[in-house]
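To start, the structure under review is shown below, and the notes come after it.
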Amino acid sequence: MANDQQVADDQELDSLDALVSLCKRRGYIFQSSEIYGGLNGFWDYGPLGVELKNNVFDFWWDAVVRQREDVVGYDASIIMHPKVWEASGHLGNFYDMMVDCTECKRRYRTDHLMRDLGISELPKECPNCGGELSEPREFGLMFETFVGATKDSQSVAYLRPETAQAIFVNFRNVQMSTRMKVPFGIAQRGKAFRNEVTPRNFTFRSREFEQMEMEFFVHESEERQWFDYWREARMQWYLGLGIREERLRFREHDADELAHYARYTTDVEYQFPFGWQELEGICNRGSFDLSMHNKHSGKDQAYFDEARQEKYVPSVVEISAGLDRTVLTVLVDAFAVEQINGEERTVLRLAPHIAPRQVAVFPLSKKLGEQARKLADELQRRFNVLYDEQGSIGKRYRREDEVGTPFCVTFDFNSLDDGRATVRDRDTMEQERVALDALAEYLADKLAPR
Ligand code: ATP
């Protein structure tokens, strides 16, 4: 058995199954078009999922754009001139090799098949059923569409397979309008589309997904220094998301797996239940992209560096992360099932600053509903808050643990006299009495990124 899913060990596979079910049950992630049987490789984010996704993205934008003077943001259209993809090399190079089993009809990506079996030559037999495998063939990853009223070869366009090219073709516009000087970067978040051979492992490999990419333009002599800088910065960012350090690692690409544009690449990988897998590629693309667009468009992409008194086409250090993949990673990393006093507790230990619901407010009894709701309304101005008066306090705690709410605040009868409420910490389950007028500051401090 040899695909991504099958190499996982049972216990951890179970936990991915349990996570998938939690995501559906609690409104994180649903299968797209579920009532029609779903569409393989497409996913929807529910009310909690969209908050989590936005929080992860905001954390990225803050670190990569807002807190820096040398990176600016961008938001490009998804469909671009088809010549972009000719120049970038995607039309000629962007395919995967695949084989089909003639017996069980299972389809494999050849590189994944060899990687999972730990071999360097394609096997002749299907690892699933022993049937004969077909000859390898190319599988184009670009989704095609048509622009305008006619549907012919003249009107073919593509859904972008990466966001990066929009940044390259707008390099001169952005540089001249902002007067940024090399070294500087352009960042964007956006949808990308790949007709993947084998979408699988929940949202890990989807056909429609979002990327967070930043292209950092540098002088050729500084490629290595900036590459090392961003490599380290990116690892720190993942740690800042609260992901366990021992489940993160770097992996350098071997020469034979480098993309056609890459001089060298390091991936950030995470140890999923189905093995170590890429979260992000950090790549020295050299001046490949700008030079190709220079050639194909006939528009000069060179930059005049006043400090160096030199005109050149800059090199690019790229950081390219998957937003959906990062969301999946924080969910997998946060998910735990614990035994407490003979009872099972499912908890999502999301870092408080990315938790979709930050605070839940409970009245101990419905009789205290009015005061507790007033408190929830006040906190709602600053945080994402749920007010809940249904069920026992224990049940309400468990419901919030399962969606990862870091703090629950209970308003009880004593609160009427002492002006304090009980704050319960999701992870330690410890409880603390906090003065109502100091509560917002107390929570803001606990919810801030560490
Ligand atoms: P792979 O080898 O796994 O197909 P890749 O090396 O082609 O991935 P890149 O082109 O480097 O991926 O894309 C940058 C990032 O975009 C990846 O690190 C990943 O986080 C995300 N990404 C790429 N393809 C997908 C996908 N099909 N589904 C979800 N995220 C993806």
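For the numbers below, each heavy atom of this structure counts, side chains included, while hydrogens, waters and symmetry mates do not. Being a predicted model, the structure only gives us computed values, none of them experimental. Whatever order the structure lists them in is the order used to number ligands and atoms, beginning at 1.
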Give the residue and atom name of whichever protein heavy atom lies nearest to [atom], and the separation in Å to one decimal.
| atom | value |
| --- | --- |
| atom 14 (C) of ligand 1 | Ser320 OG, 3.0 Å |
| atom 4 (O) of ligand 1 | Arg205 NH1, 2.9 Å |
| atom 7 (O) of ligand 1 | Arg194 NH1, 3.1 Å |
| atom 13 (O) of ligand 1 | Gln211 NE2, 3.4 Å |
| atom 19 (C) of ligand 1 | Arg325 NH1, 3.4 Å |
| atom 17 (C) of ligand 1 | Glu278 OE2, 3.3 Å |

Using a 4.0 Å cutoff against the non-hydrogen atoms of [X], which atoms of ligand 1 qualify?
| X | result |
| --- | --- |
| Ser206 | 26 (C), 27 (N), 28 (N), 29 (C) |
| Glu280 | 18 (O) |
| Glu196 | 24 (N), 26 (C), 27 (N) |
| Arg109 | 2 (O), 4 (O) |
| Phe204 | 28 (N), 29 (C), 30 (N) |

For [Y], is there an ion pair with [X] - N to carboxylate O distance below 4.0 angstrom?
| X | Y | value |
| --- | --- | --- |
| Asp388 | Arg399 | yes |
| Lys124 | Glu132 | no |
| Asp70 | Lys181 | no |
| Asp300 | Arg172 | no |

*Heavy atom of Asp324 under 4.0 Å from ligand 1?*
no
*Has Glu162 got any heavy atom lying under 4.0 angstrom from an atom of ligand 1?*
no
*Would you find more than 12 non-hydrogen atoms of other residues, nucleotides or ligands less than 6.0 Å from Gln309 atom CD?*
yes
*Aromatic ring proximity Trp61/Phe57, centre distance under 6.0 Å*: yes
*Can you check whether Phe209 has an N/O within less than 3.5 Å of an N/O in ligand 1?*
no
_Taking distance alone, with N or O pairs closer than 3.5 Å, would you say Gly322 contacts ligand 1?_
yes
Using atom types as modelled, flag every donor-acceptor pair under 3.5 Å from a side chain in residues 223-231 to any protein atom, sequence neighbours excluded.
unit_1 : atom_1 : unit_2 : atom_2 : d
Glu223 : OE1    : Arg263 : NH1    : 3.2
Glu223 : OE1    : Asn284 : ND2    : 2.7
Glu223 : OE2    : Arg263 : NH1    : 2.6
Glu223 : OE2    : Ser315 : OG     : 2.6
Tyr229 : OH     : Arg68  : NH1    : 2.7
Tyr229 : OH     : Arg68  : NH2    : 3.4
Arg231 : NH2    : Glu252 : OE2    : 2.7

*Going by the angle between their ring planes, with limits at 30° and 60°, are Phe184 and Phe217 parallel, tilted or perpendicular?*
tilted
*Kindly write out the residues that satisfy salt bridge (Lys or Arg N to Asp or Glu O under 4.0 Å) with Arg251, not counting sequence neighbours, or none if the list is empty.*
Glu257, Asp267, Glu269
*Thr326, portion touching ligand 1 at heavy-atom distance under 4.0 Å*: neither
*asked:* Exactly one of His293, Glu215, Glu213 should register a side chain to side chain donor-acceptor pair (under 3.5 Å) with Gln165. Which one does?
replied: His293
